[in-house]
Amino acid sequence: MKPLLIVANFKSNFTLSESKNWLSEFASLFPRVQNLQRKIVLCPSFTLLPLFREFTDKNNLPFDIGAQNISSYPEGPHTGEVNGLQIKDFANYVLVGHSERKQFGEDESVISEKLNMARDYNLTPILCVQDETQKNLNAKILAYEPIFAIGSGNPDTPENAQRIGKILKTKYNISTFLYGGSVDMDNVNRFTAKEEIDGTLVGHSSLDPESFIKLIENA
Ligand code: PGA
């Protein structure tokens with residue numbers, strides 16, 4: 001069984017109390033998957049990062065915590081921005097370049113500033129790409145997420161994801177290639193069975209702890 005990286009992107013979901021319920025249910029189900037070689041990264045909203053960190057540390061759980069975004073500015077007069085130093089208190093990963101961020105004006109130059117910020121603060125970036133034509137992919141972990149597949153129930157084919165993984169791994173110095181976009185407990189192993197695919201970035205199917213555990217079991 002090859003080791004896999006499984007990243008939950010909760011997007012803009014969960015209140016504090018919903019998060020507490022999610023965490024306690026997930027922790028109680030976790031023994032089912034703890035001996036599988038799966039590294040799990042949970043990416044909640046900024047406001048929930050302290051809770052996820054504290055719960056994970058207190059219960060000695062082997063999850064990693066990630067932020068869903070990072071400011072392209074350091075600390076200073078940038079109202080509403082959350083910078084790398086602040087994130088570093090709670091998380092060790094950060095998603096960068098998710099296609100849903102494009103509506104907030106993120107282009108390639110902002111993405112590259114965010115990658116630099118992540119590195120400056122020792123956060124591991126998970127760089128999202130939408131196809132194989134994107135240039136200057138300066139991150140060790142890439143998540144290929146075609147826009148048509150995100151939240152649509154219409155995933156890419158495992159064969160195409162594998163093809164893109166191969167192209168990008170040949171061109172760039174990538175350690176981990178993830179597929180994301182409508183991954184669920186029923187289709188996950190068709191992706192993870194592919195040689196070039198080292199894990200998955202999961203949105204909708206991570207919101208229910210039982211479904212997420214089944215997805216991890218089936219991966
Ligand atoms: P989805 O989202 O699993 O709900 O399609 C994936 C993502 O956008 O990260």
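Just so you know, ligand 1 is whichever comes first in the structure, and atom 1 is the first atom listed for that ligand. Numbers here are sequence positions counted from 1.
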Subject >> Y144 and D131: side chain donor to acceptor below 3.5 Å >> reply: no
Salt bridge check: are [X] and [Y] linked by an N-O gap of less than 4.0 Å?
{"X": "E217", "Y": "R38", "value": "no"}
{"X": "K166", "Y": "E195", "value": "no"}
{"X": "E132", "Y": "R163", "value": "yes"}
{"X": "K169", "Y": "D198", "value": "yes"}

As an exercise, identify every atom of ligand 1 less than 4.0 angstrom from a heavy atom of [X].
{"X": "H204", "value": "1 (P), 3 (O), 4 (O)"}
{"X": "L201", "value": "9 (O)"}
{"X": "G203", "value": "1 (P), 2 (O), 3 (O), 4 (O), 6 (C)"}
{"X": "G181", "value": "5 (O)"}
{"X": "A149", "value": "5 (O)"}
{"X": "H98", "value": "7 (C), 8 (O), 9 (O)"}

Original post:
Out of H98, K114, E81, which residue meets the side chain to side chain donor-acceptor pair (under 3.5 Å) rule with N69?
Top reply: K114
Flag the pair [X] / [Y] as yes when at least one side-chain heavy-atom distance between them is below 4.5 Å, and no otherwise.
{"X": "P62", "Y": "F30", "value": "yes"}
{"X": "L142", "Y": "T176", "value": "no"}
{"X": "I174", "Y": "L168", "value": "yes"}

Original post:
Heavy atom under 4.0 Å from ligand 1: found in S205's side chain, backbone, both, or neither?
Top reply: neither
**OP:** Could you see which bit of N9 sits under 4.0 Å from ligand 1, with heavy atoms only: side chain, backbone, both or neither?
**Re:** side chain
Original post:
To which protein heavy atom is atom 7 (C) of ligand 1 closest, and what is the distance rounded to 0.1 Å?
Top reply: E145 OE2, 3.1 Å
Subject >> Shortest protein contact, atom 2 (O) of ligand 1 (heavy atom only) >> reply: K11 NZ, 3.1 Å
Subject >> E100 N/O under 3.5 Å from ligand 1 N/O >> reply: no
Subject >> G151 N/O to ligand 1 N/O under 3.5 Å >> reply: yes
Subject >> Non-hydrogen atom of S182 closer than 4.0 Å to ligand 1 >> reply: yes
